Amino acid sequence: MHGHALNGLNQPQRDAVLHTEGPLLVLAGAGSGKTRVIIEKIAHLVASKRYPAKRIAAITFTNKSAREMRERVGKRLRGDDAQELTVSTFHSLGLRILQIEHACIGLRRGFSIFDSDDSSGQIKDLLPPGSKPDVVEAMKQLISRAKNAGLSPEQAAAAARSGREHEAASLYARYQKRLNAFNAVDFDDLIRLPVELLEADTDCVAGWRERIGYLLVDECQDTNDSQYRLLRALAGDAGQFTCVGDDDQSIYAWRGANPDNLLQLGTDYPALRIVKLEQNYRCSNRVLRAANALIANNPHEHPKTLWSDAADGERIRVWECKDAAHEAEKVASEIQFVAQKHQAPWSEFCILFRGNFQSRALEKAMQLLRIPYHLSGGTAFLDRGEVKDAMAWLRLLANPEDDAAFLRAVASPQRGVGATTLAKLAELAAQSHMPLSRAAESVAVGKQLPARAANALQGFSDIVRSLRGDAHHLPPAMLVRQLNERSGLLAALRTLCKNEAQFQARRRNLDELADWFDGPKTSGPGELAAALALLSHADKGDAGNQVRMMTLHSAKGLEFRFVFIIGVEDGNLPHEASIEQGSLDEERRLMYVGITRAKQQLWLSHASTAQRWGDKLRLSPSRFLDELPAAELQRDGADPVADAAHKAERRDAGLANIRAMLAD
């Protein structure tokens with residue numbers, strides 16, 4: 001079986017799979033089969049008895065890609081091996097290290113993980129009263145950036161270059177104290193704290209290197225400094241790892257990703273072997289020639305040229321449109337035409353744009369033509385109010401010291417405990433050195449509160465206590481269903497919703513949350529809450545048979561038969577700020593990612609005017625269009641014969657449509 005699996009691989013892919021001694025960097029171009037290489041490599045490491053599955057860890061960036069990789073590996077390995085393998089995100093791996101080593105870091109068992117809202121709430125509380133939301137957000141970003149760079153509050157203060165950074169560093173120190181008091185960590189700590197521990201404690205790091213003998217890291221160009229240090233700490237000097245990445249698809253610098261980490265590998269591991277995957281299995285050759293020509297304008301340490309056995313395919317259509325509305329109409333009617341011509345399902349079409357604001361005109365045009373579409377990045381499942389309420393209850397069951405969860409749970413649903421009561425409760429809790437949930441249960445504290453509020457808190461505490469008792473013997477999914485009922489969340493939803501349909505839709509969200517816990521063997525609410533915190537970054541749900549609309553940043557890793565990139569204008573793609581700073585490299589990579597999503601055909605469109613604040617603005621086509629080879633493009637009006645043929649084909653299709661409608 002094993003030899004057979006290698007037969008389907010090309011030579012560089014085989015080289016990557018068979019190289020098991022020492023550090024390896026696989027530079028994998030778009031569509032070059034990198035996931036397959038990772039899967040086959042894991043199978044080879046296990047089958048060759050080089051490493052048992054339980055000593056292999058594969059790390060990806062999103063829960064979704066970890067899930068997909070787990071499924072694919074499951075088909076290649078025997079049952080037990082597939083179970084023992086670690087496939088996780090950086091954050092899940094960090095969480096696992098913290099759960100095992102919590103005592104070394106000064107955390108108690110069952111610590112909480114603060115989500116983005118909890119962090120904002122704490123930071124707002126630590127800032128002067130009346131601080132504006134954008135100040136809270138800016139401070140939160142600065143603290144997050146310091147954590148992702150692996151800096152402690154003291155190091156952040158030493159590195160601060162501006163008054164604002166100094167302010168953020170001192171806030172970071174107070175915020176961290178607050179987290180410790182709550183026995184909690186935030187999302188960035190899931191990487192920062194394990195790095196601190198592994199870099200400082202030789203016994204601890206030796207234990208983890210024993211536990212994880214071989215590391216595979218996907219999307220290595222997206223690592224930030226903290227994640228890179230975690231990889232280094234776990235790999236040690238032996239460097240038994242395979243890093244897979246593409247410097248040309250590094251598009252997350254704004255999130256702290258550092259594409260130079262790929263170069264750093266060569267410095268840190270002089271024995272590093274580099275294998276390039278350049279054969280593309282996705283795109284037509286025309287699309288590849290355009291992508292290669294564009295990205296050649298960026299500096300490269302290890303240049304690569306994608307090629308394919310596929311046909312040349314259609315030329316890339318470049319459209320000039322009057323404005324965004326005209327552009328949207330043109331795209332929608334072309335999608336309708338191409339779908340009929342090729343009998344293609346809607347799910348084979350994708351429209352990409354630089355910013356979310358560009359989707360509005362498109363949505364209108366799609367609705368007019370009754371084309372079903374799915375806009376990625378709408379309200380994520382776990383950001384819905386009722387789901388966040390249920391999660392606050394779960395977190396409180398897991399960790400009585402999670403004050404942020406207590407504050408949300410006690411108000412969901414409303415039970416006659418107002419802000420004044422809660423402020424008084426917090427004061428009394430602080431005096432007695434106890435968390436809010438313990439203070440709420442305390443008879444002594446209750447006597448110092450108004451009778452009605454004290455009774456309401458007592459009633460709330462009783463529900464929490466009885467659910468916490470059930471948590472240790474009920475299956476997780478059942479516990480979540482019980483919680484939705486007994487907390488009063490469902491009853492409150494019923495009164496809140498205007499009609500039955502709305503109630504059922506929101507009730508389904510709570511049911512789906514319970515379904516998420518069907519299966520994983522979790523022990524008690526602590527494990528549940530940890531699993532939840534990591535899921536909050538997951539991407540649930542399938543778009544089904546609909547045209548996909550999304551930002552270029554969201555499109556990485558996806559592929560579609562027909563791709564439209566709209567708004568290809570200077571100031572939009574490349575973005576205004578990058579033109580002013582003269583830093584076009586990342587924007588060019590973003591355009592490259594967009595182009596290489598297209599398997600068969602690609603359209604690029606730009607508008608010549610836009611309305612901004614009531615004024616009409618003249619727009620210029622993107623400078624990137626001039627970097628594409630003219631021979632691969634078909635610009636509007638440049639080839640009258642081709643244009644006329646296309647128009648005639650469209651007209652005939654339109655007539656056929658009308659005839660079909662009349663015949664019905």
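If you're wondering where the values come from, they're calculated on a predicted model, not measured in any experiment.
- A salt bridge links Glu586 to Arg589: at least one charged side-chain nitrogen sits closer than 4.0 Å to a carboxylate oxygen.
- Between Lys304 and Asp247 a salt bridge is recorded (basic side-chain N to carboxylate O distance below 4.0 Å).
- Not one N or O on the side chain of Asn261 forms a donor-acceptor pair closer than 3.5 Å with the backbone of Gln264.
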| message | Assess the residue pair Glu559 and Arg597 against the criterion (salt bridge (charged side-chain N to carboxylate O under 4.0 Å, His left out)); give the C-alpha distance rounded to whole Å, side-chain angles, the decisive distance to 0.1 Å, and a yes or no. | response | CA-CA 5 Å; Glu559 53 180 54; Arg597 297 312 93 199; over 6 Å; no
#### Entry: Verdict with supporting geometry, Tyr592 and Asn292, side chain to side chain donor-acceptor pair (under 3.5 Å)
CA-CA 8 Å; Tyr592 173 83; Asn292 285 334; 5.0 Å; no
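- A distance of 6.0 Å or more separates the ring centres of Phe349 and Phe560.
- For the pair Asp222 and Arg255, the salt-bridge criterion is not met [side-chain N within less than 4.0 Å of a carboxylate O].
- Ion pair Arg72/Glu68 not flagged as a salt bridge, since none of the NZ, NE, NH1 or NH2 atoms sits closer than 4.0 Å to an Asp/Glu carboxylate oxygen.
- A salt bridge links Lys556 with Glu219: the distance from a Lys NZ or Arg NE/NH1/NH2 to an Asp or Glu carboxylate oxygen falls below 4.0 Å.
- We find that Arg76 and Glu40 are joined by a salt bridge, their nearest charged nitrogen and carboxylate oxygen being less than 4.0 Å apart.
- When atom types are taken as modelled, the side chain of Asn258 and the backbone of Asn224 share no donor-acceptor pair closer than 3.5 angstrom.
- Distance alone, capped at 3.5 Å, places no donor-acceptor pair between the Asn298 side chain and the Ile295 backbone.
- Under the 6.0 Å cut-off for aromatic ring centres, Phe241 and Tyr269 qualify, their centroids lying closer than that.
- Across all their heavy atoms, Ser120 and Val136 have their closest contact at O-CG1, 3.7 Å.
- Side-chain atoms of Asn297 come within 3.5 Å of backbone N or O of Leu294 as a donor-acceptor pair.
- By the 4.0 Å N-to-carboxylate-O rule, Arg232 lies too far from Glu199 to be salt-bridged with it.
- Separation of the His374 and Trp346 ring centroids does not fall under the 6.0 Å cut-off.
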Open item on the list: Evaluate Ser578 against Gln581 for side chain to side chain donor-acceptor pair (under 3.5 Å), listing each step before the verdict.
Closed with: CA-CA 5 Å; Ser578 68; Gln581 292 156 12; over 6 Å; no
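- No side-chain donor-acceptor contact under 3.5 Å links Glu278 to the backbone of Leu306.
- Salt bridge annotation for Arg623-Glu627: absent, with no cationic side-chain nitrogen under 4.0 angstrom from a carboxylate oxygen.
- For Gln13 (side chain) and Ser32 (main-chain N/O), a donor-acceptor pair under 3.5 Å exists by modelled atom type.
- Glu587 places a side-chain N or O within donor-acceptor distance of the main-chain N or O of His575, the cut-off being under 3.5 Å.
- One N or O on the side chain of Arg209 and one on the backbone of Ala233 form a donor-acceptor pair closer than 3.5 Å.
- With respect to the salt-bridge test (charged N to carboxylate O, under 4.0 angstrom), the residues Lys599 and Glu348 do not qualify.
- Between Asp186 and Lys147 there is a salt bridge, with a side-chain nitrogen of the basic residue lying less than 4.0 Å from a carboxylate oxygen of the acidic one.
- With Lys41 contributing its side chain and His19 its backbone, the two residues share a donor-acceptor pair below 3.5 Å.
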